[in-house]
Q: 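Dumping the structure here so I can ask a few things about it.
Because the structure is predicted, anything quoted here is derived from the model rather than measured. Residue indices begin at 1 and follow the sequence shown.
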Amino acid sequence: MELDLDGTAALVTASSSGLGFASAQALAEAGANVTICGRDAERLEEAREELAETADGEVLAVETDLTDPDHVSRLVSETVEEFGGLDHLVTSAGGPPSTTFLETSEQQWYQAYDLLVMSVVWTIEEAHPHLLDSEHGSITCITSRTVREVADGLLLSNSVRRGVIGLVKTVSREFAPEIRANAVLPGTIETPRIEELVEARVERGEYDDYESGLVDLADDIPMDRIGDPRELGEVVAFLSSPRASFVNGAEVPIDGGLLRS
């Protein structure tokens, strides 16, 4: 499907790897000019080079700490300066540490809120006037299936990410019809974070090897496998595009049918 994204400008946060990278890749290959960002300069440059190999549009990389509003402001400004505007915003963020309630400090709560909610708030604030100038302004927030069903040991993600859903639903009404806002809810997808979790369980002797860990994670998924990051990226690109022009305020699970709610 032609997405009509040629020449548009997209900003994807937390995009040097994982779901953010997959989203940036899908947008870039569909013809959008894409800004990616991350805190690790070396990894960010590697991601930019990889994207540039298959991109139909330009790729800009900006080193950014999303928990610093000044960094976020600079990120949006450099994107607009480079591409002459901003049409599509995709927000993502790395997951907070796995904890239980009694193990979690007050400081960890504040850090998780800045990472998962305020980073989205700051980015939308900075991007809003530019998205308003766009013919097809869109916001797509990558959250987690935990906004619908909690996962054991993921207290901070279970609790804090739900604020992003409330934000998306609210701005989808406040910003319409000029700007659409949607969220995607990834399930178990083979990202570096999942790889780390599985490898840690292998080291603890819970799995014999990495592949057996993936098989175990897929047990409850009706599609009988975990997801590929690109499968989420393609949905993000579609939601950003004019082809999804009547999709607004939606929460789209990308989990192989894992959610029961």
Q: Does Ile142 share a hydrophobic cluster with Met118, counting links as ILVMFWY side-chain heavy atoms below 4.5 Å and allowing steps through other members?
A: no
Q: If you count the non-hydrogen atoms of other residues, nucleotides and ligands that lie under 6.0 Å from CG in Asp216, is the total more than 12?
A: yes
Q: For the CZ atom of Phe175 and the CG atom of Leu131, what is their distance to the nearest 0.5 Å?
A: 8.5 Å
Q: To the closest 0.5 Å, what do you measure between CG (Asp255) and CD (Glu231)?
A: 11.5 Å
Q: Using the side chain to side chain donor-acceptor pair (under 3.5 Å) rule, collect all pairs that involve residues 26-39, keeping only residues at least two apart or in two chains.
A: Glu29-Thr54, Glu29-Arg230, Thr35-Thr79
Q: Can you name the nearest heavy-atom pair linking Ala151 to Thr146, along with the distance?
A: CB-CG2, 4.0 Å
Q: Could you check whether atom CG of Asp219 has more than 12 heavy atoms from other residues, nucleotides or ligands sitting under 6.0 Å from it?
A: yes
Q: Under the criterion side chain to side chain contact (heavy atoms under 4.5 Å, CB included), I'd like the reasoning laid out for Leu115 against Leu156: C-alpha separation, chi angles, the key distance, then a yes or no.
A: CA-CA 11 Å; Leu115 175 66; Leu156 294 171; over 6 Å; no
Q: Please indicate whether Glu2 has more than 12 foreign heavy atoms, meaning atoms of other residues, nucleotides or ligands, lying under 6.0 Å from its CD.
A: yes
Q: Quick check: does any side chain N or O of Arg180 sit under 3.5 Å from a backbone N or O of Ala176, one acting as donor and the other as acceptor?
A: no
Q: Which atom pair, heavy atoms only, marks the closest approach of Ala22 to Pro229?
A: CB-O, 3.3 Å
Q: Report the C-alpha separation of Asp4 and Arg243 in whole Å, then their side-chain angles, then the decisive distance to 0.1 Å, and conclude whether the side chain to side chain contact (heavy atoms under 4.5 Å, CB included) test is met.
A: CA-CA 8 Å; Asp4 294 333; Arg243 298 298 186 185; 3.6 Å; yes
Q: Check this for me: Arg204, atom CZ, are more than 12 non-hydrogen atoms of other residues, nucleotides or ligands nearer than 6.0 Å?
A: yes
Q: Considering residues, nucleotides and ligands other than Tyr110, do more than 12 of their heavy atoms fall under 6.0 Å from its OH?
A: no
Q: Take Arg43 and Glu46 through the salt bridge (Lys or Arg N to Asp or Glu O under 4.0 Å) test and state the conclusion after the steps.
A: CA-CA 5 Å; Arg43 186 168 67 180; Glu46 291 173 355; over 6 Å; no
Q: Does the side chain of Ser16 come within less than 4.5 Å of Leu44's, by heavy atoms?
A: yes
Q: With a 4.5 Å cut-off on side-chain heavy-atom distances among I, L, V, M, F, W and Y, is there a chain of contacts connecting Val80 to Val34?
A: no
Q: Would you say Trp122 and Thr91 make side-chain contact, with heavy atoms under 4.5 Å?
A: no
Q: Quick check: do Leu66 and Cys37 have side-chain heavy atoms less than 4.5 Å from each other?
A: yes
Q: Assess the side chains of Asp209 and Ser212: does a donor N or O sit below 3.5 Å from an acceptor N or O?
A: yes
Q: Using modelled atom types and a 3.5 Å cut-off, is there a donor and acceptor pairing between side-chain atoms of Ser241 and backbone atoms of Phe238?
A: yes
Q: Does a side-chain heavy-atom distance below 4.5 Å link Ile165 with Leu185?
A: yes
Q: Using the side-chain contact (heavy atoms from CB on, under 4.5 Å) definition, which of the options Val160, Val150, Thr104, Leu102 pairs with Leu155?
A: Thr104
Q: Between Val247 and Leu239, does a side chain to side chain contact (heavy atoms under 4.5 Å, CB included) hold up when you go through it step by step?
A: CA-CA 7 Å; Val247 183; Leu239 289 173; 3.8 Å; yes
Q: Indicate if Ile194 and Leu154 have the same hydrophobic cluster label, given that clusters are the connected sets of ILVMFWY residues with side-chain heavy-atom separations under 4.5 angstrom.
A: no
Q: What is the distance from atom NE2 of His71 to atom OG1 of Thr64, rounded to the nearest 0.5 Å?
A: 7.5 Å
Q: Following the transitive rule for hydrophobic clusters with a side-chain heavy-atom cut-off under 4.5 Å over Ile, Leu, Val, Met, Phe, Trp and Tyr, establish whether Val236 and Leu3 coincide in one cluster.
A: yes
Q: Can you measure from CD (Glu63) to CG (Asp40) and round to the nearest 0.5 angstrom?
A: 8.0 Å
Q: Any chance you could measure Asn248, atom CG, to Phe246, atom CZ, to the nearest 0.5 Å?
A: 9.0 Å
Q: Okay, side chain of Glu149, backbone of Arg260: is any donor-acceptor separation there less than 3.5 Å?
A: yes
Q: Can you find a pair of side-chain heavy atoms, one from Lys169 and one from Glu251, that are under 4.5 Å apart?
A: yes
Q: Are any non-hydrogen side-chain atoms of His88 and Leu5 less than 4.5 angstrom apart?
A: yes
Q: Looking at every heavy atom in both Ser157 and Pro96, which two are closest together, and how far apart are they?
A: N-CG, 3.9 Å
Q: Compare every heavy atom of Gly187 with every heavy atom of Arg145, then report the nearest pair and how far apart it is.
A: CD-CA, 3.8 Å
Q: Where do Thr140 and Ser240 come nearest, in terms of heavy atoms and distance?
A: OG1-OG, 3.8 Å
Q: Are the side chains of Leu258 and Asp220 in touch, meaning some heavy atoms are under 4.5 Å apart?
A: yes
Q: First locate atom CD1 of Ile36, then atom CG of Leu27, and finally report the distance between them rounded to the nearest 0.5 Å.
A: 12.0 Å
Q: Can you name the nearest heavy-atom pair linking Arg225 to Asp228, along with the distance?
A: NH1-N, 4.3 Å
Q: Find out whether Arg48 and Glu45 are in side-chain contact, i.e. whether some heavy atom of one side chain is under 4.5 Å from a heavy atom of the other.
A: yes
Q: Is Leu132 reachable from Leu89 through a run of I, L, V, M, F, W or Y residues, each pair having side-chain heavy atoms under 4.5 Å apart?
A: yes
